[in-house]
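Okay, so here's the structure we're looking at.
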Amino acid sequence: MSQTVESIRGTITAYLVENLLDGDGRGLEPETDLIDGGLLDSFAIVQFVSFLEENYEVEIPRNEITADRFRSIQRVAGFVDTTLQNRAAADPAAA
Amino acid sequence: MDFEIPEEERERARELQEWAEKHLAAPSSGVRDRKYHQGIWRALGERGLAGLCAPDTWGGAGRSAQGTCIDLEALGHGAPDTGLVFSFAAHLFTAVVPLWKAGDDAQRERFLAPLCSGAAIGANATSEPENGSNISALQTTAELRNDRYVVNGTKWFSTNGPVADVFIVYATVDPERGFGGVTAFIVERDTPGLEIGPLLDKIGLAGSTLSEVHFHDCEVPVHQRLGAEGGGTMLFAESMRWERGCLFALYLGTMQRQLNAALEFARTRRPGGTPVGKHQSVANRLVDMRLRLETSRLLIQRASWLLDRGRRCDLEISLAKLYVSESAVESSLDAIQIFGGRGCLTDFGVEGALRDAIPGRIFSGTSEIQRVIAARCMGL
């Protein structure tokens with residue numbers, strides 16, 4: 001299934017609001033710092049990556065997961081988009 | 001839904017159990033001898049076990065998480081020394097898995113292949129004296145200087161530390177970055193600045209060695225960084241996912257062996273002419289042991305099934321780890337009670353299972369930590 005960065009961003013935002021903000025997403029913007037803002041700690045980021053992998057049916061290489069790539073919704077969406085595009089290039093049937 | 005384990009898997013398990021009975025018995029004088037462990041690892045390699053869950057490309061057996069659990073249960077059932085199976089599992093999940101998941105091809109060829117062949121023993125160095133296994137608060141530092149990281153700090157509770165050839169070391173490249181600074185490194189035993197502390201004696205798991213590991217200006221080449229800077233948190237989580245989800249399958253084997261022995265005793269021991277198993281108080285304990293074993297097995301199989309499919313499984317893994325480790329202790333206490341005075345004799349082979357089970361509630365995250373993880377997974 002083809003995904004746009006915008007739809008990925010929406011999915012990510014919904015996950016964060018539901019799972020980490022008790023349903024209250026006020027103040028959460030695409031560029032909000034998820035790390036320094038305390039939303040993603042070492043446990044939450046592991047859960048978050050698991051969600052992304054399950055939701056997008058993709059295994060994110062462990063050597064590509066860093067805190068900086070998960071600093072904001074915008075960065076995560078871009079990273080997921082790139083990962084999906086790489087997968088599509090390697091396996092067009094999966095796109 | 002199919003609960004049947006295929007016949008070829010059951011046959012493999014039977015063969016592994018018999019193999020473990022012959023090959024995984026540690027003499028009391030042997031556990032401190034590194035050559036002894038090297039011999040065990042060679043045997044594991046010859047049997048195709050040393051890289052059990054790693055891809056065959058690198059010499060592994062390519063077993064799934066579910067298959068790995070079936071194999072570890074068989075080894076736990078057969079091995080006279082549970083500590084050796086524990087050590088082997090630690091090698092698998094804290095060294096083989098991280099190299100398989102995050103290593104580049106050069107690292108896999110140089111370090112993973114020998115671990116999978118049994119030519120090298122793996123260990124990890126994560127826990128620290130001040131912060132335990134809190135990955136966000138590591139005090140061991142890795143400072144980049146030109147083409148090398150200079151590692152300084154102290155690790156403790158390094159399983160296989162006294163005998164390992166390769167360590168997966170977690171250190172921070174910037175303490176201010178918390179979990180975002182955690183980075184993994186591959187460090188060989190003979191690296192200058194790496195000092196292995198004396199063997200630490202512990203309750204149970206006698207065949208497994210444990211020590212501190214110290215780093216004094218230990219220089220690690222950049223090409224031995226495992227994954228990206230800041231990628232250590234996820235890698236450690238992946239390693240723990242496999243360890244918590246699969247290692248505890250070995251306790252299914254020890255619980256099955258314990259139940260078989262207790263049943264045999266309850267049927268054949270006849271003080272006053274009546275088998276003790278005919279007494280409801282004894283039978284109830286045996287039923288409870290069976291219930292714990294069956295429940296533990298289902299929890300492990302479910303967690304490893306999810307792990308194999310790349311599904312979210314941290315809740316299921318924590319529940320499995322928590323339940324199996326607590327059950328192993330409870331059933332060991334029941335077994336001692338059933339055997340009575342014999343159960344208290346160290347030569348009789350019953351009380352040792354209790355000593356082997358108690359650390360299970362501590363390592364890989366305590367029972368309390370598993371409840372914290374489960375609660376967070378449940379949205380609490």
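Hydrogens, waters and symmetry mates play no part in the numbers below; they use all other heavy atoms, side chains included. Labels below follow one simple rule: chain letters A, B, ... track the order of the sequence lines, proteins then strands, and each chain is numbered from 1.
Counting non-hydrogen atoms of neighbouring residues, nucleotides and ligands closer than 6.0 angstrom, the CG atom of A:Asp24 exceeds 12 such neighbours.
Residues B:Arg312 and A:Glu54 share a closest heavy-atom pair of N-OE1, 2.7 Å. In terms of heavy-atom proximity, A:Ile45 sits nearest to B:Phe179 at CD1-CE1, 3.8 Å.
B:Leu226 does not touch chain A: none of its heavy atoms, backbone or side chain, sits under 4.5 Å away. Only the side chain of A:Val49 has a heavy atom closer than 4.5 Å to any heavy atom of chain B. Looking at B:Arg309, neither its backbone nor its side chain comes within 4.5 Å of chain A, counting heavy atoms on both sides. Only the side chain of A:Ile35 has a heavy atom closer than 4.5 Å to any heavy atom of chain B. For B:Cys377, the parts lying near chain A are the backbone and the side chain together; criterion is any non-hydrogen pair under 4.5 Å. In this structure, chain B has no heavy atom under 4.5 Å from any part of A:Phe70. Proximity to chain B (any heavy atom under 4.5 Å) is shown, for A:Asp41, by both the backbone and the side chain.
Contact tally against chain A (heavy-atom pairs below 4.5 Å) for B:Thr233, B:Ile135, B:Ile373: the top residue is B:Ile373.
Counting heavy atoms from C-beta on, the side chains of A:Ile60 and B:Met234 never come closer than 4.5 Å.
Distance check, rounded to the nearest 0.5 Å: OG1 of A:Thr66 to CZ of B:Arg177 gives 8.0 Å.
Every residue meeting the side chain to side chain donor-acceptor pair (under 3.5 Å) condition with B:Ser318, not counting sequence neighbours, appears here in chain and number order: B:Gln370.
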